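Below: one structure, written as structure tokens.
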4 protein chains.
Amino acid sequence: MGRVVQEETTRRRGRPRDEARRAAVLDAAADLMLEGGLAAATMEAIAGRAGVSKQTIYKWWPSRGAVALEGLMVRSDPAGALPEGASAAESLRVLAVALVRLVGSTPAGPLLRSLIADAQSQPEVAAALREQWLGPRRRAAAEILRAGVERGELRPDLDVAAAVDHAFGPVYYRLLLGHEALTEEFALASVDQLLRGITRREQPPGGPGYLDASST
Amino acid sequence: MGRVVQEETTRRRGRPRDEARRAAVLDAAADLMLEGGLAAATMEAIAGRAGVSKQTIYKWWPSRGAVALEGLMVRSDPAGALPEGASAAESLRVLAVALVRLVGSTPAGPLLRSLIADAQSQPEVAAALREQWLGPRRRAAAEILRAGVERGELRPDLDVAAAVDHAFGPVYYRLLLGHEALTEEFALASVDQLLRGITRREQPPGGPGYLDASST
Amino acid sequence: MGRVVQEETTRRRGRPRDEARRAAVLDAAADLMLEGGLAAATMEAIAGRAGVSKQTIYKWWPSRGAVALEGLMVRSDPAGALPEGASAAESLRVLAVALVRLVGSTPAGPLLRSLIADAQSQPEVAAALREQWLGPRRRAAAEILRAGVERGELRPDLDVAAAVDHAFGPVYYRLLLGHEALTEEFALASVDQLLRGITRREQPPGGPGYLDASST
Amino acid sequence: MGRVVQEETTRRRGRPRDEARRAAVLDAAADLMLEGGLAAATMEAIAGRAGVSKQTIYKWWPSRGAVALEGLMVRSDPAGALPEGASAAESLRVLAVALVRLVGSTPAGPLLRSLIADAQSQPEVAAALREQWLGPRRRAAAEILRAGVERGELRPDLDVAAAVDHAFGPVYYRLLLGHEALTEEFALASVDQLLRGITRREQPPGGPGYLDASST
DNA sequence: GTGTAATCGAGACGGTACGTCTCGTCTTCTG
DNA sequence: CAGAAGACGAGACGTACCGTCTCGATTACAC
């Protein structure tokens, strides 16, 4: 009945983990990345800022990347309610806007950039990032697309994985390269651009016009 | 019309820069990044491998990022001949394939990943990367798109910058996140997906079908 | 006449101290010092080896030195029976051989070396060592010498404290520096060398008087 | 002819070692041991006090013990002139007084105590200490004794190594245990006590023969 | 029996120092 | 005088113990 799993049946021995410190570490890491970029978020700085010893951090996280990843997961709520019964198009737009808001207005942005940077040289970070961050989000988007195909909204020959890349790749591109501002309009334009190519057309011009996306 | 700038007019005094060493440094850096990832390409390792003193490297490059950037520029030839008189669609496809080949089959891939990682914490690296790497490539693509608009191939209300992001963002996304293979087919699919949305349609289905891209 | 103080008059409440663990700690400490030198006998290692928590050790001993000292006292039996009515010479020889056997063939050797090492930087250890270990032994030796003087065996102008140092100093010297083997023969030679200088002679010796040394 | 080995023939390349820093490290280590005992002389404290980075210390010395040993050697001048043509007795007295002055009035005392403490758990320190500190001093004393035997001053059946222990062992004993003051008078008394037993006598003594001790 | 009080294991925690690593600067000597 | 060789200060790395501090479980006396 209870949706909360009974995980406290076997009470572990010894002094229990101090959850306040766990949060302090995650906060400190996020703050430092916000302030000075990820180069400023050294283990020693995190420990100092959090008022925690380095050993405590190493006890619970294997690397700086793991701290950042957990901070990222904590700070990004579980996907935000997708509207029930919405079309694929509408659902994708919600996801895109949520992503931009998350990385643009919360500590999750610097955290995510930090993680992707670390992932370039640390395969474990890359794997964790794909599994814990990217995977769920891509699966959610893929599910939306698959449902759209089934409902006849989208072309039946759709390459779902590629479509997800087309929708969100441009957002990550701007996030990491910074050559242009990462706005909600841009994210919506990316989704709409995708939709223009994959929407099933009996009645062609039902989709949004290219630059009208933000006006929707 | 010579595209090579006359840079040797004023012969500088003293011993001239040893170009052989310059190349050795760039080679060593590229090799190390290929072998052990960018974490292996420390300044000391580069100096040792190149048979050059650290000081010589610092003399000519301000940071490890600068070395990588120059190595990247050296290794990526000036875009390869674009077919004269080709359509915007064809030109973009050529660019996309060239990009995937470059980052997928040459030392430029690891170098580029390294640079983007460093750029997350070093604004100078980010700026240099945008100016020297991204800028020229985006300008080339933008020019192609603008020409396409002028020739009436593409919609007149096209947001050129966004379109460039839509064409190449997915490629960088896969390059950096590694969740799916970065193939030429995928790059072509990205371009085609873009084209489907921005091609001017008197005759609607002239563009390629979504999954037929690679067969073109 | 009972030498054991009545210490159990006021039975304390609560769970009493577990004497088996007390012994386990002392054994573990001694074993570790035997095996890996005193550097191996960390508090954590002792606790682990003894199957006891660190807190239990800190409850009963203030420092590692205190553990070692108690281990040393436990392992060195109460002086061994000195022969009744023996001469000062014979008694000293017995003490010397007992000392060498103790430090050479039992865990007391490493324990003692450990304690003296710690005593160099921890005054409390030094004090405890002098009071509990060195003091009783030196007093026993001094008493033997004083008795010898009174019986007319030894010179009346004997500096007892210095004589004790001359008899046992060389033994500690070899124990700690390890430049030569610490054998029973050597210890006996040290005692005999002392005796040759302090034994009362029928005809006063031509050599230098014992306490006149500094006036030379 | 020159007794100094030509060690600079092959000039090494690169920046030469900074001798000022070498001295600063040795001074800092000695100072710290004087002030706070050897426990205060951590590598980090030495580095900080000397205004030198830790890495520089580790570059030239393998361990804290090595630093202390070199400081000890630097601070104890090469034996001080022994009087030419002096008797064995006089020479030993000079050595003994020099030793007490060294360890009692200079930083060499704490340094030596530190080294002997470390030697208890680090075999390399013990070996270095025996070879570089104890060896030369014991050899000098042994040579004095051997010369005394040859000149007929001392008994021909003298066990030289044991005699050296008898002369200096008591000094180290008091240095390390600290149960009594380590004065020059005490050191002289130790030497004289030894001499009383090993000086050749016109009329053979009634006391026990030097090497017969263990047969008693 | 049922508190009540101490002991004990387990282990989290803030610290300090360790010895290593790489960075970027500097100093000297060699070609 | 350019450049290699490399010494150096700085500072983060990840580890090891220290000594203190919760916890919950256990044990024995006292009521």
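Order of the sequence lines fixes the chain letters, A, B, ..., with proteins taken first and strands second; residue numbering starts at 1 for each chain. Predicted model only: the values in this text are computed from it and were never measured.
Of the two residues contacting DNA chain E, namely A:T56 and C:D18, the nearest-nucleotide position lying further toward the 5' end is that of C:D18. Taking the nucleotide of DNA chain E with the nearest heavy atom to each of C:A50 and D:R15, the more 5' of the two is matched to C:A50. Between D:R21 and A:G14, the residue anchored closer to the 5' end of DNA chain F is D:R21, taking for each the nucleotide with the nearest heavy atom.
When the P atom of F:dA4 is taken as reference, atom NZ of B:K59 falls 11 Å away, rounded to whole Å. Regarding C:I46, its CD1 atom lies at a distance of 11 Å from the P atom of F:dG19, rounded to whole Å. Look at CD1 on A:I57: it is 13 Å from P on F:dA12, rounded to the nearest Å. Rounded to whole Å, atom P of E:dT27 lies 17 Å from atom CD of D:E19. Spacing between atom CZ of D:R13 and atom P of E:dC26 amounts to 22 Å, rounded to whole angstrom units.
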Do nucleotides 15-22 of chain E as a string where each nucleotide becomes B, S or -: B if the base has a protein heavy atom under 4.0 Å, S if just the sugar-phosphate does, - if no protein is that close.
B-SBBBBS

Show me the donor-acceptor pairs, under 3.5 Å and distance only, between side chains in residues 67-75 of chain A and residues at least two apart or in other chains.
residue	atom	partner	partner atom	Å
A:E70	OE1	A:W61	NE1	2.7
A:E70	OE2	A:R22	NE	3.1
A:E70	OE2	A:R22	NH2	2.9
A:R75	NH1	A:G71	O	3.2
A:R75	NH2	A:D27	OD1	2.3

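Screening D:D31, D:L34, D:L32 for a side-chain contact (heavy atoms from CB on, under 4.5 Å) involving D:P107 leaves a single residue, D:L34.
Looking only at distances, no side-chain donor or acceptor of C:E44 sits under 3.5 Å from a matching main-chain atom of C:K54.
Separation of atoms CD (C:Q120) and CE (D:M33) is listed at 11.5 Å; rounding is to 0.5 Å. In this structure, CG on D:L111 lies 6.5 Å from CG on D:L115, to the nearest 0.5 angstrom.
The phosphate of E:dT7 has neither OP1 nor OP2 within less than 4.0 Å of any side-chain N or O from C:W60.
Two residues are said to be in side-chain contact when any heavy atoms from C-beta on lie closer than 4.5 Å; A:R64 and A:Q122 fail this criterion.
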